Amino acid sequence: MARLRKKACIALFLFTLFVFGTMMGLRTLKPSDGFSDLAPGLGLLPMIGGRMDRRSVSQDVVSSPGQVRAKVVLSNSGPEGTIFYDVHIFYSVWYGNPSMDGKYMHWDHVLVPHWDPKIAASYPKGRHMPPEDIGSSFYPELGPYSSRDPDVLESHMEQIGAAAAGVLVLSWYPPGLADDNGEPTEDLVPAVLDAAHRHNLKVAFHLQPYRGRSDHSVHDNIKYIIDRYGDHGAFYKFTSSTGNILPLFYIYDSYLTSPENWSDLLHPTGSHSLRGTAYDSVFIALIVEERHKHDILAGGFDGMYTYFASNGFSFGSSHQNWIAVKAFCDGNNLLFIPSAGPGYIDAAVRPWNNHNTRNRVNGRYYETALQAALNVRPEIVTITSFNEWHEGTQIERAVPKKTVTRLYLDYQPHQPEHYLELTRRWAEQFNKEKETWLM
């Protein structure tokens, strides 16, 4: 009897532990924590009218070479044979390794210290030591690769096509400039465009913040990009409901420049306006705090996107706010482009940031985010990301990996292509639902 009682107690304990673990995992689907103070907001400004309608047309529009409509299906080498140009995916080319670049870049990412010295003292310092120890909680199937490797580029385009995402949104710095952990990559753009073109993909540009970025420098950046790449067959162009076919640019950390300065660039009466010129485009700003939506409107932008894959991290990235943000955009003739991600973990580069980790829950977190995006009936959905390995938002193929000092996360019990397949499934669902919205 005592033995049976002991076994029953053990079974009850294990069952309770399983339930607790399951509940903690599911909790990550709708977190309430966040720290939007990392992105300082700007003051409210009055709304400015007189806008061109940038929202896409609902009916099919015939596209000439190099021009795409907001919703397009093309033949591609993906397993199901279709891609969708209303699914955009963020893409980085900042990775390097000794065989192609003479050294590792980004895979050896520094451990970023906390801004509070007292907190920073509690965490390790230094940088990662590839190839066994990389700046990510996951390990890529391709290993710590170089973005300059033609075979890597080809594999990436194949994977993006397999995921049915039609537009890769390329992180971009002007010539000679780079982020703090990499080297300039602008010279890689032609190779990316050519590789994308071979797979019927399009490329949009994600303008990154850099020292001295301003409305004047962005004016020069837009002119440079369009002059240099605007005629390439893979250069993405968006068709508005007024029939205008224009390039589309995402402006990361747009809140760092004041609405007054942006309006000089983006309003028709601005001192160095791009509107009505050969460089007019669709400009999408980043919404982090709630008040940014007013700044985005006042600055003359054509829409807003949310980028961050950590639900609850910021106002903009919180799924529960998307319906209200979409209503604001609809009322002010703006595009709202929500960003969905498979999870978030940047502990390998910011070890103090565990409270913003979002467990993938074998894909359920991603599907919850994608459903939230579809619920607002957007013109475009963005995916964060294809290969932001530092923040653990990648859908690129990853493999199990264990070393003497590291045990990497992976996609098991699923295969390395699990998140590519989920993306395709939801891209197809998105376009099926779009057809019903039009009816």
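Just so it is clear, the model here is predicted, and its values are computed rather than measured. If you read the sequence from its start, that first residue is 1, and numbering goes on from there.
Scanning both residues, Asp253 and Arg213, for their nearest heavy atoms gives O-NH2, 3.0 Å. The two residues Ile296 and Ala285 come nearest to each other via the heavy atoms CG1-CB, 3.6 Å. Smallest separation of non-hydrogen atoms from Thr393 and Gly343: CG2-O, 3.5 Å. The two atoms that bring Leu168 and Leu201 nearest to each other are CD2-CD1, 4.4 Å, heavy atoms only. Scanning both residues, Ile380 and Ile337, for their nearest heavy atoms gives O-CG2, 3.6 Å. For the pair Asp116 and His114, the tightest heavy-atom approach, listed with the atom from each and the gap, is N-ND1, 2.9 Å.
A salt bridge links Lys434 to Asp86: one of the charged nitrogens lies within less than 4.0 Å of a carboxylate oxygen. A salt bridge links Lys326 to Asp330: at least one charged side-chain nitrogen sits closer than 4.0 Å to a carboxylate oxygen. The pair Arg350-Glu391 counts as a salt bridge, with a side-chain nitrogen and a carboxylate oxygen less than 4.0 angstrom apart. Look at Arg425 and Glu428 and you find no salt bridge, because none of the NZ, NE, NH1 or NH2 atoms lies under 4.0 Å from a carboxylate O. Of the charged side-chain nitrogens involved, at least one lies within less than 4.0 Å of a carboxylate oxygen, so that Arg148 and Asp187 count as a salt-bridged pair.
A side chain to side chain contact (heavy atoms under 4.5 Å, CB included) with Ile134 is found for exactly one of Tyr95, Tyr104, Trp107, namely Trp107. The ring-ring contact (aromatic ring centres under 6.0 Å, His included) test with Tyr411 is passed by exactly one of Tyr139, Tyr419, Tyr366: Tyr419.
The local environment of CD1 in Ile119 is crowded, with over 12 non-hydrogen atoms from other residues, nucleotides or ligands closer than 6.0 Å. Counted within 6.0 Å of CG on Asp180, heavy atoms from surrounding residues, nucleotides or ligands total 12 or fewer; the atom is thus considered open. Counting non-hydrogen atoms of neighbouring residues, nucleotides and ligands closer than 6.0 angstrom, the NZ atom of Lys125 exceeds 12 such neighbours.
Side-chain contact, Trp389 with Glu396: a donor N or O sits under 3.5 Å from an acceptor N or O. No hydrogens or angles considered: nothing links the side chains of Glu367 and Gln371 as a donor-acceptor pair under 3.5 Å. Under the 3.5 Å distance criterion, with hydrogens and angles disregarded, a donor-acceptor pair is assigned to the side chains of Asn221 and Tyr210. No side-chain N or O of His414 forms a donor-acceptor pair with one of Glu421 less than 3.5 Å apart. In this structure, a donor-acceptor pair under 3.5 Å is absent between the side chains of His232 and His197. For the residue pair Tyr145/Asp151, the side-chain donor-acceptor check at 3.5 Å is not satisfied. A donor-acceptor contact under 3.5 angstrom links the side chains of Ser146 and Asp101, judged on distance only. Looking only at atom types and distance, the side chain of Asp280 has no donor-acceptor partner in the side chain of Thr277 under 3.5 Å away.
Between Phe301 and Trp262, the gap from one ring centroid to the other is short of 6.0 Å. For His219 and Tyr224, the ring centers sit 6.0 Å or farther from each other. For Tyr250 and Phe90, the ring centers sit closer than 6.0 Å to each other.
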- Message: Run the ring pair (Phe, Tyr, Trp, His ring centres under 6.0 Å) test on Trp115 and Trp352 for me, step by step, so that the C-alpha distance in whole Å, both residues' side-chain angles and the decisive distance to 0.1 Å come before the verdict.
- Response: CA-CA 10 Å; Trp115 55 86; Trp352 40 265; 5.4 Å; yes
- Task: Take His109 and His128 through the ring pair (Phe, Tyr, Trp, His ring centres under 6.0 Å) test and state the conclusion after the steps.
- Result: CA-CA 6 Å; His109 202 288; His128 291 278; 7.8 Å; no
- Please walk me through it: do His156 and Phe386 pass ring pair (Phe, Tyr, Trp, His ring centres under 6.0 Å)? CA-CA 9 Å; His156 284 176; Phe386 178 75; 5.0 Å; yes
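Using the six-membered ring where Trp is involved, His206 and Tyr307 have ring planes that are tilted, between 30° and 60° apart.
For the pair Lys401 and Tyr408, the NZ or CZ position fails the cation-pi test of under 6.0 Å to the six-membered ring centre and within 45 degrees of the ring normal. Cation-pi contact between Arg291 and Phe315: absent, since separation from the ring centre below 6.0 Å together with deviation from the ring axis within 45° is not met.
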